[in-house]
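Accompanying notes for the structure given below.
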Amino acid sequence: MRRPAELLLDREGFLAWMIGLMVFLAALAIAAALAADGAAARWARSLAGTATVQVPADAANKLDALAAALRGVPGVRQARPIGLEETRALLEPWLGTELRDLPLPRLVDLELAPGADLAAIQKRAAEAVPGAVLDDHRGWADRLAGVATAIQAAAIVVVLLVAAAAALLIVFATRAGLEAQRSVVELLHLVGARDGWIARQVERQALLLALKGGTGGLFLAAAVIAATLWLSSGDRLRLLPQFEIAPAAWLSLVALPAAAGLVAMLTARIAVLRALRRLP
Amino acid sequence: MRRPAELLLDREGFLAWMIGLMVFLAALAIAAALAADGAAARWARSLAGTATVQVPADAANKLDALAAALRGVPGVRQARPIGLEETRALLEPWLGTELRDLPLPRLVDLELAPGADLAAIQKRAAEAVPGAVLDDHRGWADRLAGVATAIQAAAIVVVLLVAAAAALLIVFATRAGLEAQRSVVELLHLVGARDGWIARQVERQALLLALKGGTGGLFLAAAVIAATLWLSSGDRLRLLPQFEIAPAAWLSLVALPAAAGLVAMLTARIAVLRALRRLP
Amino acid sequence: MIRFDNVGMRYGDGPEVLHDVTFELESGGFAFLTGPSGAGKSTLLKLVYLAERPTRGLVHLLGHDIATTPRRRLPELRRRIGVVFQDFRLVDHLSAFDNVALPLRVAGAPETRIREEVTELLHWVGLGDHMDARPPALSGGQQQRIAIARAVIARPKLIVADEPTGNVDDKMAFRLMRLFEELNRHGTTVLVATHNDALVARFGHRRLRLEAGELMPERSARQSA
Amino acid sequence: MIRFDNVGMRYGDGPEVLHDVTFELESGGFAFLTGPSGAGKSTLLKLVYLAERPTRGLVHLLGHDIATTPRRRLPELRRRIGVVFQDFRLVDHLSAFDNVALPLRVAGAPETRIREEVTELLHWVGLGDHMDARPPALSGGQQQRIAIARAVIARPKLIVADEPTGNVDDKMAFRLMRLFEELNRHGTTVLVATHNDALVARFGHRRLRLEAGELMPERSARQSA
Ligand SMILES: Nc1ncnc2c1ncn2[C@@H]1O[C@H](COP(=O)(O)OP(=O)(O)OP(=O)(O)O)[C@@H](O)[C@H]1O
Ligand SMILES: Nc1ncnc2c1ncn2[C@@H]1O[C@H](COP(=O)(O)OP(=O)(O)OP(=O)(O)O)[C@@H](O)[C@H]1O
Ligand SMILES: [Mg+2]
Ligand SMILES: [Mg+2]
């Protein structure tokens, strides 16, 4: 059996639990922010890299040739002519199913490299098919990028608020734990322990406690997040919007117990040093 | 000066702060859920109550007559013929600006009462303009309703998780506060205080503390929420998506300190009664 | 008033610290409980002031067999017992006044009566100038006197004092013992555990002696001093 | 070893509780500090074991003028002082063994030495059977003996004991005082505050008497008993 520490910050285990809960909440907030951020980014990116070339209905037979011609333009990664059925399907919400015989303009979908020369594309398209027009979705992309930015900003604000609240709570919980050991701190001081020695004791305890609690909270959060991802992925329930978290982003979650440990450690150190300074 | 209570759950004020922070987080979670829920509901509702009647391009001149005829059908609240320019604008993302001379199908926008008889509307439309087709947006509305339901479900799950974490944390914090007063509880027991008397003391303290801390947390959350609403409303920053919280929903936020008080109160009561039961 | 019949007591699953303790203290009696450190004096007193239940044997108190008295009746009994704890057990965040007032408040006495009686008693034990001080700002002897004042303030039928004079000088010790004697003359039963042989000798009361958990055959106090 | 020059002391902005205290206790000396409850004995001892600083006057200790000694040098001094606190100040969550070992651990002594010396000392004070018990499971006198063992375990140059025998019987009190005398014979300076006049009388050492914060002119111990 290891001998118990002279200073016992968390006799009943409440502190570890509280820190665990805060790490749990912070992890959920960060995961949600990451998912929202990722969705917004994918959304904006999916629009930014695309454009469409429209061809009057009577030039439908030149669609494949146009696509082939456009593939040769620098900056065009892919050019895909859209078949008649697909065009109808796209327009169906607007035109209804009853107007199938309407002569429809035809489209070539482009996937562009960043910084592609739009003027060159337009020029080449018009050469291949007179009347062909490049639509780079500028208006939509700008609006959606705005929304994406807003979502990202909101995510950052939420994460900051939750992180601040969590840190503050860990500060309070740690100080409350230390308060219960104030008489032991004084005793150690009186038997000749140096301030640094006492501070290291509480500091190490606070760190270990926070790591213990924080790791528990993180595992709980990971379970919830994994369940959410599983539910939202594939065909399972089709209930939740598609979520996805980049593997690198998971790493930021792993840092949470460490961050909690740091906060608890610094709080304990500062609080105990301040209390000791008051003694002669 | 009021005389101090025999039992002092929160000598340093940490408990009140911790409860305040949890109410703050819970209030933010609920507000976010309410806003998301409200947005999803508005979205689904805006689709559910609308339909469109499409008219072939060559019947454009009968549009006003069709609208007038449809207004007479029971369940149709409003019928608005959509002008040529507006139709073009609607289709522009799909058709581009260069195809202005394309003959376009024309539309009458309908606003429907819940439970409107769609078959009757279709029949009347076909009578007025042969070839007119009713589109009740069923496919879109279903998909969007699915997303809205998903958002609502996610909001409920988030609120439940945060509320559970908050409640648990209040439990731990209250019990930690009580632990520090264990010797006083025992003393009161030994001088002949009844279990109920002691329980009422801690209970009242826990309630008052939680109300105090919770109200503070609520005000802080209200400030953050109000700032967010202000930023997202009107033309100010156009950064955030439009948020809105129903006045009635605000009331649920006001209940949070009371809920925190209830949790703290019950925790204190149960913990102290359990501790007392162990004594003879 | 107090009757122990073959009482045995162990803490948890530790060794037995009281063996077959049998004695009776009649109503209005006054007895000292002595014995070396660790003999079980405080343990015996804990049984008397209902902080512990005996592991075996019978404890009769104020006319009740404790084993058969329902738990909800015990608070009433406790209010008729005044206790001086060996470690004082003062409430650190309450003033001296409020500490002494505690048993009256628990019993629901009116504040006017509390103010009057507590003030008088605090003056009597020499703490009239320290009524608003919290225990951590008082000397050891001052704390002990508050503990004694709290034990007697509600005029209990039975006073149980555990080493009540370990932190005061002899003069104060005699003064405090005279307070107990005064109450005893008015009918209060008194049981005092103490190491202070001089005190035991000076107040010629009955003496119970514990050694290693066993009650010794009684001799008169004067003999044993 | 200890020299007070016109020392005055008040807590916060309260009244002065020590007035112009002047005395000297030479290295290797042994003195009792007596006086009525509240006279300021514990306060004087707190100045000696560096728990408080004087409001005015000079305190010399172990060759240092405390007022001019930098704060970071004080822990060293404190390690050379063993203290028995009036309220024991044991750590509730540590065993009797670990409580006594505390000063050695703070000083960084090797565990083998700690085990050996603590075990021996605990046996000597009669607690060989209670080494693993936590203070709340010990009797008052047992706790006090742990407090005394902790004060002497690190072989301090100076022992300051505040009412170290208030909770033990006379036999144990004499045994503990003989422990102090034994250490004193080996060069340790000893200052003991006590109410136990019998003890003061029996061990014919120097006697300092405080009354209401003032040090009385000295008489020999035998005279004053
Ligand atoms: N809470 C407890 N849990 C376990 N053992 C205990 C507890 N309290 C006391 N003991 C043990 O019971 C025995 C008797 O203790 P008690 O406090 O009754 O002695 P005492 O006669 O009052 O001694 P003192 O004069 O030192 O106060 C001791 O050996 C002690 O270690
Ligand atoms: N921490 C404190 N804050 C304020 N006043 C205090 C504090 N400690 C002691 N006092 C006051 O200082 C005076 C002297 O107290 P001290 O503890 O030195 O007395 P003492 O001689 O040790 O008494 P005793 O024999 O009862 O232990 C008392 O009036 C006491 O109320
Ligand atoms: Mg005892
Ligand atoms: Mg003192």
Side-chain angles (χ1 to χ4, degrees), chain B residues 1-17 173-209 212-213 264 268-280, chain C residues 9 45-55 59 61 66-67 69-85 87-95 97-108 111 114-115 118 132 134-135 147 150-151 153-154 156-158 160:
Chain B
M1 206 187 77
R2 261 192 86 264
R3 93 185 155 80
E6 280 77 21
L7 279 157
L8 213 52
L9 272 190
D10 192 24
R11 240 165 130 171
E12 312 289 328
F14 296 132
L15 182 54
W17 268 98
T174 306
R175 293 195 54 188
L178 199 60
E179 199 54 44
Q181 292 285 286
R182 167 169 290 233
S183 62
V184 183
V185 167
E186 272 181 39
L187 175 71
L188 290 172
H189 178 73
L190 287 179
V191 299
R194 292 182 186 286
D195 292 4
W197 190 89
I198 301 174
R200 267 192 304 283
Q201 284 234 337
V202 293
E203 191 176 278
R204 198 178 45 205
Q205 284 232 358
L207 177 66
L208 290 178
L209 270 173
K212 196 177 87 178
R269 181 179 181 82
I270 292 168
V272 82
L273 283 182
R274 213 192 286 161
L276 286 170
R277 283 279 140 70
R278 256 182 248 127
L279 307 176
Chain C
M9 166 76 197
L45 295 191
K46 280 183 207 165
L47 294 173
V48 174
Y49 60 73
L50 301 174
E52 300 279 354
R53 280 179 185 279
T55 318
V59 173
L61 205 64
I66 295 309
T69 308
R71 192 172 179 284
R72 75 196 143 69
R73 304 290 310 275
L74 294 182
E76 257 166 62
L77 289 185
R78 288 196 180 95
R79 286 184 201 185
R80 292 154 68 189
I81 308 174
V83 188
V84 184
F85 302 97
D87 53 356
F88 310 163
R89 304 216 191 169
L90 303 178
V91 182
D92 276 0
H93 63 261
L94 294 181
S95 66
F97 181 95
D98 287 326
N99 266 289
V100 174
L102 202 60
L104 294 177
R105 295 224 165 95
V106 164
E111 282 296 319
I114 291 176
R115 179 139 297 279
V118 172
D132 293 329
R134 312 252 157 107
R150 185 181 62 192
I153 189 70
K157 284 267 147 289
L158 169 62
V160 180

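Throughout, a chain's letter reflects where its sequence line sits, starting with A, and its residues are numbered from 1.
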Nearest heavy-atom pair of [X] and [Y]: which atoms, and what distance?
| X | Y | result |
| --- | --- | --- |
| Gly192(B) | Pro75(C) | O-CB, 3.5 Å |
| Arg11(B) | Asp92(C) | NH2-CB, 4.1 Å |
| Leu190(B) | Phe85(C) | CD1-CE2, 3.6 Å |
| Arg71(C) | Asp195(B) | NH1-OD2, 2.7 Å |

Flag the one option from [options] with the top tally of heavy-atom pairs under 4.5 Å to chain B.
| options | value |
| --- | --- |
| Ile66(C), Leu102(C), Leu74(C) | Leu102(C) |
| Arg150(C), Arg89(C), Arg78(C) | Arg78(C) |
| Arg105(C), Glu76(C), Arg80(C) | Arg105(C) |
| His93(C), Arg79(C), Arg53(C) | His93(C) |

Original post:
Do side-chain atoms of Arg194(B) reach the backbone of Arg72(C) as a donor and acceptor pair under 3.5 angstrom?
Top reply: yes
Original post:
chain C heavy atoms under 4.5 Å from Leu187(B): which part of the residue, side chain, backbone, both or neither?
Top reply: side chain
Subject >> Criterion side chain to side chain contact (heavy atoms under 4.5 Å, CB included) against Glu6(B), the qualifying member of Leu94(C), Asn99(C), Val106(C) >> reply: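 In the set Leu94(C), Asn99(C), Val106(C), the residue that makes a side chain to side chain contact (heavy atoms under 4.5 Å, CB included) with Glu6(B) is Leu94(C).
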**OP:** Look at atom NZ of Lys46(C) and say whether more than 12 heavy atoms of other residues, nucleotides or ligands are closer to it than 6.0 Å.
**Re:**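 Atom NZ in Lys46(C) is crowded, with more than 12 foreign heavy atoms closer than 6.0 Å.
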